[in-house]
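Right, one structure below, let's go through it.
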Amino acid sequence: MVFGLGRKAKKEQAAEPDEPLTAADAAEAVTDGIGRRTGGPFDESEISSRDGYVDLGALLITPSEGLQLRLEVEEATQRVVAVTLDLNGSSLQLQAFAAPKTEELWDEIRGQIGQSVGAQGGQVEEIEGTFGTELVAKLPAGLPDGSQGYRVARFIGVDGPRWFLRGVLGGAAALERQAAEPLEALFRQVVVIRGDSPMPPRDLLQLRLPKDATTTPPPAAPNLQEPERGPETTAIG
């Protein structure tokens, strides 16, 4: 499994701080949530050990044969803002955000994604998928032969206890359910580490490079939202 470093320029907006989550609140979120929450992604309170996961700080990722991970870095602050999982020619970008204790964010965020895509001349369609309501976005893009085409992204989102996890599927996984299954399985196994500190809703949860990472040549992996490559790639040995 390989780690890469990329660049990202967009900055997230914050709102008012939320309230700390009690153990009872976490239990209620698990038992009373929509079916997709009972099968993952998981909150840290729902696992007994972090052993066997790739520890990225706010996210724990399950290793998989052939999986490549790339951390995307915000240029202005040099903080890690996303991780992209590349597998079998498809990609899954992950971002975790703080969320209010009593409010879900996915419905509102879907609307904002639709507005952003529309402003770029693209189209969006809501569909029912593995994780509930999803969003398929088509954005104008130039093709290698010079003609105009589209690039497609499939957005999935899960509201957890005081966190929200967003995934963006690219490549064949954005269009084909069979191609998406391996990445959907990895998405379902993600564990979110929210922490106890109060945070403004929509603030990104902090990602970091694993402690046992070592430097290797960067991999060549396709990605729908390709970040500017950093000078080096980091791998777990």
Is there a side chain to side chain contact (heavy atoms under 4.5 Å, CB included) between Asp159 and Glu103? Walk through the geometry before answering. CA-CA 9 Å; Asp159 289 290; Glu103 179 185 352; over 6 Å; no

Let me confirm one number: the [atom1]-[atom2] distance from [X] to [Y], rounded to the nearest 0.5 Å.
X      : Y      : atom1 : atom2 : result
Leu169 : Glu134 : CG    : CD    : 7.5 Å
Gln95  : Gln93  : CD    : CD    : 5.0 Å
Ile47  : Ile193 : CD1   : CD1   : 5.5 Å
Gln206 : Leu56  : CD    : CG    : 11.0 Å
Leu69  : Ser64  : CG    : OG    : 10.0 Å
Thr130 : Glu181 : OG1   : CD    : 8.0 Å

Nearest heavy-atom pair of [X] and [Y]: which atoms, and what distance?
X      : Y      : value
Trp106 : Thr133 : NE1-O, 2.8 Å
Gly167 : Leu94  : CA-CD2, 4.3 Å
Ser49  : Asp51  : OG-N, 3.0 Å
Gly195 : Arg162 : O-NH2, 2.9 Å
Pro41  : Phe131 : CD-CE2, 4.4 Å
Arg202 : Phe97  : O-CD2, 3.3 Å

Note to self: Once salt bridge (charged side-chain N to carboxylate O under 4.0 Å, His left out) is applied, do any residues pair with Glu176, and if so which ones, sequence neighbours excluded?
What the structure shows: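 In terms of salt bridge (charged side-chain N to carboxylate O under 4.0 Å, His left out), with neighbours along the sequence ignored, Glu176 is linked to no residue.
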
Check: [Y] and [X] side chains under 4.5 Å, non-hydrogen atoms:
X      : Y      : result
Phe187 : Leu165 : yes
Asp86  : Ser91  : yes
Val54  : Leu60  : no
Leu209 : Val80  : no
Leu59  : Val192 : yes

- Message: Using the rule that Ile, Leu, Val, Met, Phe, Trp and Tyr join whenever any side-chain heavy atoms are under 4.5 Å apart, tell me whether Leu143 and Tyr150 fall into a single cluster.
- Response: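 Cluster IDs for Leu143 and Tyr150 differ.
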
- Kindly indicate, with the supporting measurements, whether the criterion side chain to side chain contact (heavy atoms under 4.5 Å, CB included) is fulfilled by Gln78 and Val73. CA-CA 6 Å; Gln78 292 299 297; Val73 180; 4.0 Å; yes

Please check this pair: side chain of Gln189 against backbone of Ala185, looking for a donor-acceptor N/O pair closer than 3.5 Å.
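Here the side-chain-to-backbone pair exists.
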
Within the supplied structure, the quantity of interest is the number of heavy atoms (other residues, nucleotides, ligands) at a distance under 6.0 Å from Gln178 CD; does it exceed 12?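 At most 12 heavy atoms, drawn from other residues, nucleotides or ligands, come within 6.0 Å of this atom.
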
Quiz item: Residues in side-chain contact (heavy atoms from CB on, under 4.5 Å) with Ala58, at least two apart?
Solution: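 So Ala58 forms a side-chain contact (heavy atoms from CB on, under 4.5 Å) with Leu205, Leu207.
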
Before giving the answer on side chain to side chain contact (heavy atoms under 4.5 Å, CB included), spell out for Phe155 and Val124 the whole-Å C-alpha distance, their side-chain angles and the decisive distance to 0.1 Å.
CA-CA 10 Å; Phe155 292 81; Val124 295; over 6 Å; no

_Between Lys138 and Glu125, does the side chain to side chain contact (heavy atoms under 4.5 Å, CB included) criterion hold? Intermediate values first, please._
CA-CA 9 Å; Lys138 295 182 178 180; Glu125 177 187 4; over 6 Å; no

Practice problem: Output yes when Asp43 and Arg194 qualify as a salt bridge under the 4.0 Å nitrogen-oxygen rule, no when they do not. | Solution: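 Result for this pair is no, no salt bridge flagged.
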
